[in-house]
Structure formats: structure tokens, C-alpha cells
J.: 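Here's a structure for you.
One-based numbering along the sequence shown. No experiment lies behind these values; they were computed from the predicted model shown.
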Amino acid sequence: MPTAPRTTPPPRPSLTERRKAETQLEIARTAAALFAERGATVTADEIARTSGVALRTFYRYFRTKEDAVVPLLASGVRQWIDDLATPPAGPDPLPAREALEQAARRALTPADEPAAEALRWTRGLLRAMPGDPALRAVWHRVHHDSEEALRPVLARLTGADPSTARLAAAAANTAMRAAVEEWAAGDAPPDGPQGPAELVARTLRALTAGLPELDGAYGVKERDGEGDPGRRGDGESPAAGGRGR
């Protein structure tokens, strides 16, 4: 019976690092609210002043006013990828396709009012983007970075070859982006049948339908092969039995 992988918890960030991250996120929330309300006319000075920090502090954290929203946009992405990077314990792991969908649903289902508010701010940002190409560039950069981070996670936990892992990461990331954009274009609440969680599930199924590699058990490679790309769950290398990659 496969056992759950032994993992070492990441070191806890220092107090200074935690305070820095909290400050950045607070500035990001303020920036998102201002962009949603006023669009491209917002200035870095206004964001800093409304956030209660000096302009010099603002530029210590962010290169441009548009970069200020990155911590808000990236927080949900990090949650999604961290969720996927931890395969579920137990003797009967889910198929990778189902695990991917469940993680996407969790990432886009607001667990509390602050999470719902963050989604509403994201909606406001997306509606402001047609008038602010630099803001749209930030949105696409966040999703490009998430796809890059997702690729090795899917490769490690599904055993897919690099080309398939790349396709799966692109499909999953596109599903997340398209679902949020479609939701933001309407007026549906953050939860419910027209919320982003339901939209991402439908989009993910459509975009990954041609990837049968996702039907395998999620996390089995990491559990049985202990992260070694040259080992299969039965203890043989690909060259020793069956088809090699």
C-alpha cells in the first residue's frame, strides 16, 4: 500500500518578512480598489497616501503603480499551486484530472468575506484593464509565472513527460484565467452556479479532455517513485519494462 510522502515543512518566514508581505498585500488591496474605481488615472502617490505609507516606501516594494496589484493577484495562484503540490494522503488517491479540478475550485471559492472581496477587487481590475495596457500586462505576467510554476508540479505528481506536463499546465492555467475573466465580465456573485469556481470546473474539463495522462492517480509517482523520474511505481525503470520516454 503506498504511503504518503514524507515532507519537511518549509521554514517559517521571519517576522520582518511577514510584516513586509502584509504591508505589500495591504498596498495591493488599496491599489486594486483605486484602479477599480478610477482606472488608469490613479497615481502611485495616491496609492501610497491612501495606504498610509511614504512614496519612497511604495517604490521600495514596487517598480510601478501597476505592479502594486501583483501580491493580490498572485495570492490565489500561490494557494492553488501549493494545494496541488501536496498530494492527498490515503490508499486511494484521486485521478489527477479530478484533483486538479478540486484544487481549482478551492482556489476560486471564497472561504470568507475578505476572500470574496479580493475576487470583487479582481473583477474591478479586469474591467479597468482595457484602458490601461500596463495593468493588463501585469495580469498576463502573473498568469505566465503561474504556468511556469505549475509545470514541474504536474510533471512530478502525474509522471507525465515534459511535453504533456507543459500542455496540462497551459490548459489548467488558461482555464483559471478564462474563468475569472468570464465571471468578471458579468455581475454574478463570487459564489453560486455562475461563480468563478463553477466556471473553472467547466473550462478545465473542456481544455484537458485531450490529455488522457491526467486520468492516472495523482501523487502516485511521488509516493511510489519518491520523486525519481527514472522509477515507476512497480520498482522498474522505464527501460527495464515497457516503453521508455
J.: Indicate the atoms forming the closest heavy-atom contact of Ala128 with Leu135, along with that distance.
T.: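 Minimum heavy-atom contact is CB-CD2, 4.2 Å.
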J.: Before you tell me yes or no, could you show the steps for Lys20 and Glu17 under salt bridge (Lys or Arg N to Asp or Glu O under 4.0 Å), namely the whole-Å CA-CA distance, both residues' side-chain angles and the distance that decides it to 0.1 Å?
T.: CA-CA 5 Å; Lys20 178 181 177 181; Glu17 290 171 329; over 6 Å; no
J.: With rounding to the nearest 0.5 Å, note down the distance linking CG in Asp83 to CD in Gln102.
T.: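 CD of Gln102 is found 9.0 Å from CG of Asp83.
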J.: Check Trp80 against Leu150 and note the closest heavy-atom contact, atom names and distance.
T.: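 Reported closest heavy-atom pair: CH2-CD2, 3.5 Å.
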J.: For the residue pair Leu125 and Ala36, what are the closest heavy atoms and their distance?
T.: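 Nearest heavy atoms, Leu125 then Ala36: N-CB, 4.3 Å.
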J.: Strictly distance-based, threshold 3.5 Å: is any side-chain N or O of Arg151 a donor or acceptor partner for the main-chain N or O of Pro162?
T.: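 No: the side chain of Arg151 does not pair with the backbone of Pro162.
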J.: Please check: side-chain N/O of Asp132 versus main-chain N/O of Gly39, any donor-acceptor pairing under 3.5 Å?
T.: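 Side chain of Asp132 to backbone of Gly39, a donor-acceptor pair under 3.5 Å: no, none is there.
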J.: Where is the tightest heavy-atom contact between Ala107 and Gly76, given as atom of each residue plus distance?
T.: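 Heavy-atom minimum between the residues: CB-O, 4.2 Å.
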J.: In chain order, what residues pass the salt bridge (charged side-chain N to carboxylate O under 4.0 Å, His left out) check against Arg136, with sequence neighbours excluded?
T.: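 Partners of Arg136 under the salt bridge (charged side-chain N to carboxylate O under 4.0 Å, His left out) test: none.
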J.: My understanding is that only residues two or more places apart in sequence, or in another chain, count here; which of them pass salt bridge (charged side-chain N to carboxylate O under 4.0 Å, His left out) with Asp67?
T.: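 Per chain and number, Asp67 pairs via salt bridge (charged side-chain N to carboxylate O under 4.0 Å, His left out) with Arg63, Arg141.
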J.: Of all the heavy-atom pairs spanning Ile81 and Ala149, show the shortest one and how long it is.
T.: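 In terms of heavy atoms, the two residues are closest at CD1-CB, 3.7 Å.
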J.: Do Trp183 side-chain atoms and Ala188 backbone N/O form a donor-acceptor pair below 3.5 Å?
T.: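 Looks like yes, one N/O pair under 3.5 Å.
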J.: Between Leu73 and Val77, is any pair of side-chain heavy atoms under 4.5 Å apart?
T.: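 A side-chain contact is absent here, since even the closest heavy-atom pair is not under 4.5 Å.
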J.: Report yes or no: does Arg106 contribute a side-chain atom to a donor-acceptor pair with the main-chain N or O of Gln79 at less than 3.5 Å?
T.: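 Checking the backbone N and O of Gln79 against the side chain of Arg106, no donor-acceptor pair under 3.5 Å is found.
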J.: For the backbone of Ile47 and the side chain of Lys65, can you confirm whether one donor and one acceptor N or O come within less than 3.5 Å of each other?
T.: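 The answer is no, because no donor-acceptor pair under 3.5 Å joins these two groups.
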J.: Output the distance between atom CG (Leu126) and atom CD (Glu182), rounded to the nearest 0.5 Å.
T.: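 So the CG of Leu126 and the CD of Glu182 are separated by 12.5 Å.
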J.: What residues form a salt bridge (charged side-chain N to carboxylate O under 4.0 Å, His left out) with Asp112, not counting sequence neighbours?
T.: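 Per chain and number, Asp112 pairs via salt bridge (charged side-chain N to carboxylate O under 4.0 Å, His left out) with no residue.
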J.: Output the distance between atom CZ (Arg177) and atom OG (Ser146), rounded to the nearest 0.5 Å.
T.: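 It comes to 9.5 Å.
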J.: Return the orientation label for the Phe62 and Phe58 ring planes: parallel under 30°, perpendicular over 60°, tilted otherwise.
T.: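 The rings of Phe62 and Phe58 sit tilted, inter-plane angle from 30° to 60°.
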J.: Give a yes or no on whether Val200 and Leu207 share a hydrophobic cluster (residues Ile, Leu, Val, Met, Phe, Trp, Tyr; joining criterion: side-chain heavy atoms under 4.5 Å apart).
T.: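 Looking at the clustering, Leu207 is in a separate group from Val200.
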J.: Around atom CZ of Arg166, are there more than 12 heavy atoms from other residues, nucleotides or ligands closer than 6.0 Å?
T.: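 Counting other residues, nucleotides and ligands, CZ of Arg166 stays at 12 neighbours or fewer.
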J.: Under a 4.5 Å cut-off applied to non-hydrogen side-chain atoms, are Glu46 and Arg49 in contact?
T.: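 Heavy-atom side-chain distance check passes, below 4.5 Å.
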J.: Taking all non-hydrogen atoms of both residues into account, name the closest pair between Ala168 and Leu214 and its distance.
T.: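 Closest heavy-atom pair between Ala168 and Leu214: CB-CD2, 4.3 Å.
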J.: Using the side-chain contact (heavy atoms from CB on, under 4.5 Å) rule, take Val142 and Val69 through it: C-alpha gap first, then chi angles, then the decisive distance, then the call.
T.: CA-CA 10 Å; Val142 167; Val69 303; over 6 Å; no
J.: For the residue pair Ser51 and Glu26, establish whether any side-chain heavy-atom pair is separated by less than 4.5 Å.
T.: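 No, side chains not in contact.
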J.: Once you round to the nearest 0.5 Å, how far does CZ of Arg78 lie from CG of Asp82?
T.: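 Going from the CZ atom of Arg78 to the CG atom of Asp82 covers 8.0 Å.
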J.: Rounded at 0.5 Å granularity, tell me how far CG in Asn173 sits from CG in Leu204.
T.: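 Output value for this atom pair is 11.0 Å.
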J.: side-chain contact (heavy atoms from CB on, under 4.5 Å) for Tyr61 and Ile27? Distances and angles first, verdict last.
T.: CA-CA 10 Å; Tyr61 293 144; Ile27 294 172; 3.9 Å; yes
J.: Would you say NE2 of His140 has more than 12 non-hydrogen atoms from neighbouring residues, nucleotides or ligands within 6.0 angstrom?
T.: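 Above 12, so yes.
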J.: Are the side chain of Arg127 and the backbone of Ala184 linked by a donor-acceptor contact shorter than 3.5 Å?
T.: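 Answer holds: yes.
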J.: At what distance, to the nearest 0.5 angstrom, does CG of Asp161 lie from CG of Leu167?
T.: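 Here the rounded value is 8.5 Å.
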J.: Just by modelled atom types, is the Ala171 backbone N or O under 3.5 Å from a matching donor or acceptor in the Thr174 side chain?
T.: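 Here the side-chain-to-backbone pair does not exist.
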J.: Check this for me: Arg19, atom CZ, are more than 12 non-hydrogen atoms of other residues, nucleotides or ligands nearer than 6.0 Å?
T.: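 For Arg19, atom CZ is not crowded (no more than 12 foreign heavy atoms under 6.0 Å).
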J.: Starting from the C-alpha separation in whole Å, work towards a yes-or-no answer on salt bridge (Lys or Arg N to Asp or Glu O under 4.0 Å) for Glu101 and Arg97.
T.: CA-CA 6 Å; Glu101 180 180 321; Arg97 189 185 311 281; over 6 Å; no
J.: Less than 4.5 Å apart, any side-chain heavy atom of Leu199 and any of Leu108?
T.: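 The answer is no, as the side chains (C-beta and beyond) never meet within the 4.5 Å cut-off.
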